[in-house]
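Per chain, numbering begins at 1; letters A, B, ... match sequence-line order. Quick note: numbers below take in every heavy atom, side chains included, and nothing from hydrogens, waters or symmetry partners.
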2 protein chains.
Amino acid sequence: METTRGAERQRTAAERRRRELLEAADRVVLRDGPQASMNAIAAEAGITKPILYRHFGDKGGLYRALAKRHTDALLSALRAALDAPSERRERVEATLDTYLAAIEARPQVYRFLMHPSDDAAPSPEQGFDVGRHSAPLLRRLGEELGKVIAERVDLGPDSQQMARIWGHGIVGMMHAAGDWWLGDRPCSREQLVRSLADLLWGRLAEAGDLPGGQGF
Amino acid sequence: METTRGAERQRTAAERRRRELLEAADRVVLRDGPQASMNAIAAEAGITKPILYRHFGDKGGLYRALAKRHTDALLSALRAALDAPSERRERVEATLDTYLAAIEARPQVYRFLMHPSDDAAPSPEQGFDVGRHSAPLLRRLGEELGKVIAERVDLGPDSQQMARIWGHGIVGMMHAAGDWWLGDRPCSREQLVRSLADLLWGRLAEAGDLPGGQGF
DNA sequence: TAAACCCGTTACTAGCGGTAACAACAGTCT
DNA sequence: AGACTGTTGTTACCGCTAGTAACGGGTTTA
């Protein structure tokens, strides 16, 4: 009659094992970047490859599991900033700053999340499968932000559609600017945040033309 | 004394060869996606691997050469839209539409440009080298747009810095929204263009809160 | 005690990017 | 003419990767 108790113990043991493996993978990715090999991860965990494959199926599975952890963590931090009880502009700036601080603190993790080095499927589907390849993190963030906007901002008719578009657009803006900024560090984080918020606040439309060109 | 004439003939022959190789590579990438192998490209061109390596150094070199062609083409199309003699808003919409039409017409090419499958260097530099990895196309577009904005829009002090930030931010917005749209096709291109332009025109700041939440 | 079930190993495959070594043909110099 | 040089192409290999088959030993179940 030990069957249920034994099974449960084994299940929790497997889960703990899985966490250990993920932590080892985390260390290796942090050290070697996204192109960390399965051999290296297995070695770091003190075991050999086939065990990794039994737990995660293939490299894509491991990477997906790893990405989910970080994505969830970042997402919850962003949600907190997004839900703060303050003015809209202040909240937008706080969210931008949270994101930028996160990628600034752990650039290797960020890089891994954005470029999962071509995930899983060798996909025999040879059709136009563009869309799945881009970093899942950006998609999730975009969808999430779209929902928040749709819930809280009055955009008139077609607001659902427009909110989603804006969600993905704003996330993309944040990501691209952050990626560029992280490379060159041409200014402080505060200035970057303020400039992006200014952009979202319509300063592009309000600004006047400079003399010399035909305007922009 | 035939040395100069002979050398020149050989040089032009090599250039023609290079173009042929690039066209073959183009066909393979269009068929197999960005993970096309050097073997496959060589086979398509009717030759074997070492020739490819003599011409392009390594896989990154070939991909860079390939990307440059498409990037230049897209960039000149965008510049044309950006330089049209019309209102600023109209020009922004035309630019967005040009980009979206391009990625819609040749999604495989677009996918290759955005995800060059980890370019060139096995980079022994193990430092935090985030920044070089992201698709060069986006960087180039961002810098280009930043220059255009700096030249033509009056942004007050610090306008250089802010223009660059905006350039990268707007390009990222365009890219992320386009990538998402290309996958799900949730609306027409016109609607997407209009929504993004609205976002840039400050509708987020102007819009009122919806009842129920604490606003956004 | 015997069956079932995991955890873990070694040893392998197929394919990748990249290279060394060599063959053959061109045009050039003496 | 004959030796020299450079380019074009080959075959055969290296070291690496992702992924798998097959087997051994330990623990739980019957």
Side-chain angles (χ1 to χ4, degrees), chain A residues 1-22 24-25 28-29 32-66 116-124, chain B residues 1-22 24-25 28-29 32-66 116-124:
Chain A
M1 209 279 270
E2 291 283 10
T3 159
T4 70
R5 210 158 53 188
E8 177 157 347
R9 196 183 47 191
Q10 284 223 346
R11 209 198 61 217
T12 68
E15 284 174 4
R16 206 182 51 226
R17 194 65 162 135
R18 192 184 157 95
R19 270 204 311 276
E20 289 172 13
L21 296 184
L22 279 177
V28 176
V29 166
D32 298 354
Q35 72 279 14
S37 82
M38 295 296 267
N39 265 323
I41 294 175
E44 170 73 30
I47 45 112
T48 49
K49 269 193 302 178
I51 305 182
L52 278 182
Y53 283 94
R54 278 219 265 267
H55 275 268
F56 301 103
D58 61 352
K59 187 170 187 170
L62 200 172
Y63 276 34
R64 256 176 276 122
L66 204 52
S117 187
D118 283 310
D119 36 287
S123 72
Chain B
M1 209 277 267
E2 292 282 13
T3 160
T4 70
R5 211 158 54 188
E8 178 157 348
R9 197 185 46 192
Q10 284 221 351
R11 210 198 60 217
T12 66
E15 285 174 4
R16 207 182 50 225
R17 194 65 162 134
R18 193 185 156 95
R19 270 207 309 277
E20 290 173 12
L21 296 183
L22 279 177
V28 176
V29 166
D32 297 355
Q35 72 279 12
S37 83
M38 294 298 265
N39 265 323
I41 294 174
E44 170 73 29
I47 45 117
T48 50
K49 269 192 302 177
I51 304 183
L52 279 182
Y53 283 95
R54 278 219 264 270
H55 275 267
F56 300 103
D58 60 353
K59 186 168 188 172
L62 200 173
Y63 276 34
R64 255 178 276 122
L66 204 53
S117 187
D118 283 309
D119 37 287
S123 74

Handout entry: Side chain of A:Arg17 - closest among D:dT10, C:dT9, C:dG8
Key = C:dG8
Exercise for the section: Report the residue (A:Pro50 or A:His55) whose heavy-atom-nearest nucleotide on DNA chain C is the more 5′ of the two. Expected result: A:His55
Handout entry: d(CG, B:Leu52; C1', D:dG9) in whole Å
Key = 12 Å
Exercise for the section: Test for a donor-acceptor pair under 3.5 Å between the base of D:dG19 and the side chain of A:Lys59, counting only N and O atoms. Expected result: no
Completion exercise
By nearest-nucleotide position on DNA chain D, the 5'-leaning member of B:Gly46 and A:Met38 is B:Gly46
Handout entry: Partner of A:Leu21 by side chain to side chain contact (heavy atoms under 4.5 Å, CB included), out of A:Leu66, A:Ile41, A:Ile47
Key = A:Ile47
Exercise for the section: Whole angstrom is fine here: how far is it from CG in A:Leu62 over to C1' in D:dG19? Expected result: 13 Å
Handout entry: Listed nucleotide nearest any side-chain atom of B:Lys49, set D:dG19, C:dG17, C:dT9
Key = C:dG17
Practice task
Calculate the interatomic distance between B:Ile51 atom CD1 and D:dG6 atom P; express it in whole Å.
Solution key: 19 Å
Completion exercise
Winner on side-chain proximity to A:Asn39, out of D:dT17, D:dG19, D:dT10, is D:dT17
Problem - Nucleotide nearest B:Ile47 (side chain, heavy atoms from C-beta), chosen from D:dT10, C:dT9, C:dG17 - result: D:dT10
Completion exercise
Here the distance between atom P of C:dG8 and atom CD of A:Glu20, to the nearest Å, is 9 Å
Practice task
Using a 4.0 Å heavy-atom cut-off across all strands, classify A:Arg54 as base, sugar-phosphate, or nothing.
Solution key: base
Exercise for the section: Give one of base, sugar-phosphate or nothing for A:Ser37, where a contact means two heavy atoms less than 4.0 Å apart. Expected result: sugar-phosphate
Exercise for the section: To the nearest Å, give me how far apart CD (B:Gln35) and C1' (C:dG15) are. Expected result: 14 Å
Practice task
May I ask you to decide whether A:Glu15 forms a salt bridge with A:Arg18, counting only side-chain N to carboxylate O separations under 4.0 Å?
Solution key: no
Practice task
Grab the CD1-P distance between A:Ile41 and D:dT17 for me, whole Å please.
Solution key: 11 Å
